[in-house]
Amino acid sequence: MKHSNTQQTRRGRGPARRIGRTLAFVLPVVLVLSGTLAVTRVNWSGSPSDPVLTAADTATSAGTPRAVKRAPQEVLRDKLLTELQQQNPGVALTHLQQAVNDRPSLAKHCASIARALGQAAVRVYGPTRAQSYARPVCDTAFATGVAAAHS
């Protein structure tokens with residue numbers, strides 16, 4: 001009786017064991033191949049011109065590109081340069097001083113922004129008129145920018 005019980009148990013496990021062994025062999029192969037294919041589809045060059053969806057996709061679900069996050073000092077500089085052209089350097093310098101007072105972390109960038117404003121003022125207003133807007137915002141960085149652009 002012991003012998004027939006062993007045969008019955010082996011017969012009951014036969015197909016399940018065969019399927020399990022097949023899965024144990026096939027599943028890792030499938031996973032490796034799918035992972036390899038996924039890696040080959042990623043755009044590693046960094047140029048978003050490829051229509052393939054990349055790991056760091058720069059498009060939103062609507063298909064419009066996401067704005068690249070810029071540093072606060074770059075945003076402020078561009079805003080102030082626009083104000084300088086639309087209004088005058090005095091307004092831009094006042095807003096620069098207010099921005100530095102409101103966000104002290106911008107203080108280390110104040111001089112470079114003021115120099116950029118001075119250089120832009122020379123291009124827009126000429127050296128004499130640009131110098132007339134000079135004031136002690138970020139020390140003498142605006143005047144330094146005017147002088148650098150003029151020489």
Side-chain angles (χ1 to χ4, degrees), residues 12-151:
R13 282 195 255 169
R17 178 172 272 161
R18 214 172 309 123
I19 292 171
R21 285 182 180 172
T22 304
L23 281 176
F25 176 73
V26 172
L27 193 58
V29 172
V30 169
L31 290 174
V32 168
L33 287 176
S34 64
T36 303
L37 291 174
V39 168
T40 60
R41 298 289 292 178
V42 172
N43 180 4
W44 296 103
S45 69
S47 63
S49 61
D50 194 10
V52 174
L53 183 66
T54 61
D57 189 21
T58 57
T60 61
S61 59
T64 58
R66 245 183 266 177
V68 176
K69 187 161 178 121
R70 296 176 31 205
Q73 68 271 13
E74 293 173 353
V75 173
L76 177 62
R77 184 193 63 228
D78 292 348
K79 177 184 167 206
L80 294 174
L81 287 170
T82 302
E83 283 183 0
L84 182 138
Q85 292 176 357
Q86 292 175 349
Q87 297 177 22
N88 65 55
V91 172
L93 286 171
T94 300
H95 289 152
L96 173 60
Q97 188 64 56
Q98 288 171 347
V100 170
N101 290 342
D102 293 343
R103 290 185 70 183
S105 63
L106 292 171
K108 62 185 171 188
H109 304 287
C110 185
S112 65
I113 294 171
R115 268 193 306 278
L117 290 173
Q119 293 168 350
V122 169
R123 287 191 299 273
V124 175
Y125 297 99
T128 305
R129 187 164 175 214
Q131 189 62 43
S132 70
Y133 289 102
R135 59 175 77 163
V137 175
C138 308
D139 297 324
T140 58
F142 180 82
T144 303
V146 169
H150 180 60
S151 54

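Starting from 1, each residue takes its place in the sequence as its number.
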message = Can you confirm whether Gln98 sits close enough to His95 that some side-chain heavy atom of one is under 4.5 Å from a side-chain heavy atom of the other?
response = yes

Heavy-atom closest pair (Val137 atom, Cys110 atom, distance to 0.1 Å) is CG1-SG, 4.4 Å

Note: Ala92 and Leu80 closest approach over all heavy atoms is O-CD2, 3.4 Å

When every non-hydrogen atom of Pro89 is compared with those of Phe142, the smallest separation belongs to CB-CZ, 3.9 Å

dist Leu96:CG -> Glu83:CD (nearest 0.5 Å) comes out at 10.0 Å

Rounded to the nearest 0.5 angstrom, the CG-CD distance for Asp102 and Gln97 is 10.0 Å

d(Tyr133 OH, Leu117 CG) to nearest 0.5 Å is 13.0 Å

In short, side chain to side chain donor-acceptor pair (under 3.5 Å) pairs touching residues 117-128 with sequence neighbours left out are none

dist Lys69:NZ -> Glu74:CD (nearest 0.5 Å) comes out at 12.0 Å

Interatomic distance, OG1@Thr82 vs CD@Gln87, rounded to 0.5 Å, equals 10.5 Å

Smallest heavy-atom separation, Ala114 atom then Ala141 atom, equals CB-CB, 3.6 Å

dist Leu76:CG -> Leu106:CG (nearest 0.5 Å) comes out at 6.0 Å

Hydrogens and angles aside, do Arg135 and Thr94 bring a side-chain donor and acceptor to less than 3.5 Å of each other? yes

